[in-house]
Amino acid sequence: MTDSVSRPVVGVLALQGGVVEHERVLDELGVAHRKVRLPQHLDGLAALILPGGESTTMSKLMRFNGLLEPLSDALRSGLPAYGTCAGMILLASTVLDTREDAVQLGALDATVRRNAFGRQVDSFETDLDFAGIDDPVPATFIRAPWVETVGEGVDILATVPEGSAEGAIVAVRDGAVMATSFHPEVDGDVRVHRLFLRECAGLDVG
């Protein structure tokens, strides 16, 4: 989908990771979108989605492309953002079990533990009660982080309901910033994206 003068445009950080899946959700919701790889791609965005993938690789490419400071500035200026999995890690103010050279954008007042649920073989699916969404949300966790602590004013939207990780925080909102440990974009469920676009970005989406 191409940019439109008459419609707000949502950016998808397209350095690495699950970009296409988020674009498909935005297409289903009828939202114009643009890949974001360079600083100029941030111009005029109504919101930004940071996909899952490899957070340390994204960190390197953000620096290489000169995107780190402009993106940090945009977030500080109030650009609404939604991060899934690695996107949550990038948005957090503090990240545990990551590399020293990894980026923390500091837009989400929370401490996040990278790969908290284990390796790829420990990936799993479950249904979550999600604040603001009536029926349970299917959630796929792939080498996922979780939130260890949140700052004052950060809303907890979902926790793991059962199992060894029962009670782990996996979805949060900090003002115009939302993040989930899991990947709603791979489950064919657009409700989490819709909630973000409506409640955080103030967009009128179906």
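As a basis for the values below, the full set of heavy atoms in this structure was taken, side chains included, without hydrogen atoms, waters or symmetry mates.
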Output yes when a side-chain donor or acceptor of Arg7 lies under 3.5 Å from a complementary backbone atom of Gly30, and no otherwise.
yes
Where do Leu45 and Gly11 come nearest, in terms of heavy atoms and distance?
CD2-N, 3.6 Å
Within the 4.5 Å heavy-atom criterion, are Ser181 and Met88 side-chain neighbours or not?
yes
Shortest non-hydrogen contact between His183 and Gly52, atoms and distance
CE1-CA, 3.8 Å
In Å and rounded to the nearest 0.5 Å, what is the CG to CD1 distance from Leu157 to Ile133?
8.5 Å
Hey, could you give me the CD1/CD distance between Ile89 and Gln104, rounded to the nearest 0.5 Å?
9.5 Å
Could you tell me if the side chain of Pro51 sits less than 4.5 Å from the side chain of Val19, heavy atoms only?
yes
Donor-acceptor pair, Arg173 side chain versus Asp155 backbone, under 3.5 Å?
no
What's the separation between atom CD in Glu28 and atom CD in Glu185, rounded to the nearest 0.5 Å?
13.0 Å
Between Glu54 and Arg114, is the closest basic N to carboxylate O distance under 4.0 Å?
yes
Answer yes or no: is there an ion pair linking Asp27 with Arg24, defined by an N-O contact shorter than 4.0 Å?
no
Taking all non-hydrogen atoms of both residues, which atom of Pro184 and which atom of His193 are closest, and how far apart?
CG-CE1, 4.0 Å
How close do Asp174 and Ala107 get, counting heavy atoms only, and between which atoms?
OD2-O, 3.8 Å
Check whether Ser93 reaches the backbone of Asp109 with its side chain - one donor and one acceptor, N or O, closer than 3.5 Å.
no
Non-hydrogen side-chain atoms of Glu23 and Val20 separated by less than 4.5 Å
yes
Do the non-hydrogen side-chain atoms of Asn115 and Thr98 ever get within less than 4.5 Å of each other?
no
If the test is side chain to side chain contact (heavy atoms under 4.5 Å, CB included), which one of Val147, Val154, Thr149, Val160 qualifies with Ile169?
Val147
Closest heavy-atom contact between Pro8 and Ala32?
O-CB, 3.7 Å
Are any non-hydrogen side-chain atoms of Thr180 and Phe196 less than 4.5 angstrom apart?
no
For the residue pair His22 and Tyr82, does the interplanar ring angle fall in the parallel (under 30°), tilted (30 to 60°) or perpendicular (over 60°) class?
perpendicular
Step-by-step side chain to side chain contact (heavy atoms under 4.5 Å, CB included) determination, Val95 to Leu90:
CA-CA 8 Å; Val95 179; Leu90 292 172; over 6 Å; no
Out of curiosity, Ser72 OG to Leu79 CG, how far, rounded to the nearest 0.5 Å?
11.5 Å
Which heavy atom of Asp189 sits nearest a heavy atom of Pro138, and at what distance?
OD2-CD, 3.3 Å
Does Arg191 reach the main-chain N or O of Pro136 with its side chain, forming a donor-acceptor pair under 3.5 Å?
yes
Are more than 12 heavy atoms from other residues, nucleotides or ligands located less than 6.0 Å from atom CD of Glu162?
no
Transitive ILVMFWY side-chain link Val137 to Val186, under 4.5 Å:
no
Between Thr126 and Phe141, is there a side-chain heavy-atom distance shorter than 4.5 Å?
yes
Check this for me, if you would: do Asp97 and Arg113 make a salt bridge, where the nitrogen-to-carboxylate-oxygen distance has to be below 4.0 angstrom?
yes
Check residues 197-206 and write down every donor-acceptor pair under 3.5 Å in which the side-chain atom is one partner and the other belongs to a residue at least two apart or another chain.
| residue | atom | partner | partner atom | Å |
| --- | --- | --- | --- | --- |
| Arg198 | NE | Val205 | O | 3.1 |
| Arg198 | NH2 | Val205 | O | 3.0 |

Knowing that exactly one of Leu91, Val12, Val36 qualifies, which makes a side chain to side chain contact (heavy atoms under 4.5 Å, CB included) with Leu50?
Leu91
Show your reasoning for whether side chain to side chain contact (heavy atoms under 4.5 Å, CB included) applies to Arg76 and Asp73.
CA-CA 5 Å; Arg76 280 194 294 268; Asp73 290 344; 2.3 Å; yes
Rounded to the nearest 0.5 Å, how far does CD of Glu21 lie from OG1 of Thr84?
9.0 Å
Report the distance from atom CE of Met178 to atom CG of Leu108, rounding to the nearest 0.5 Å.
11.5 Å
Taking the side chain as everything from C-beta on, heavy atoms only, tell me whether Val25 gets closer than 4.5 Å to Ile49.
no
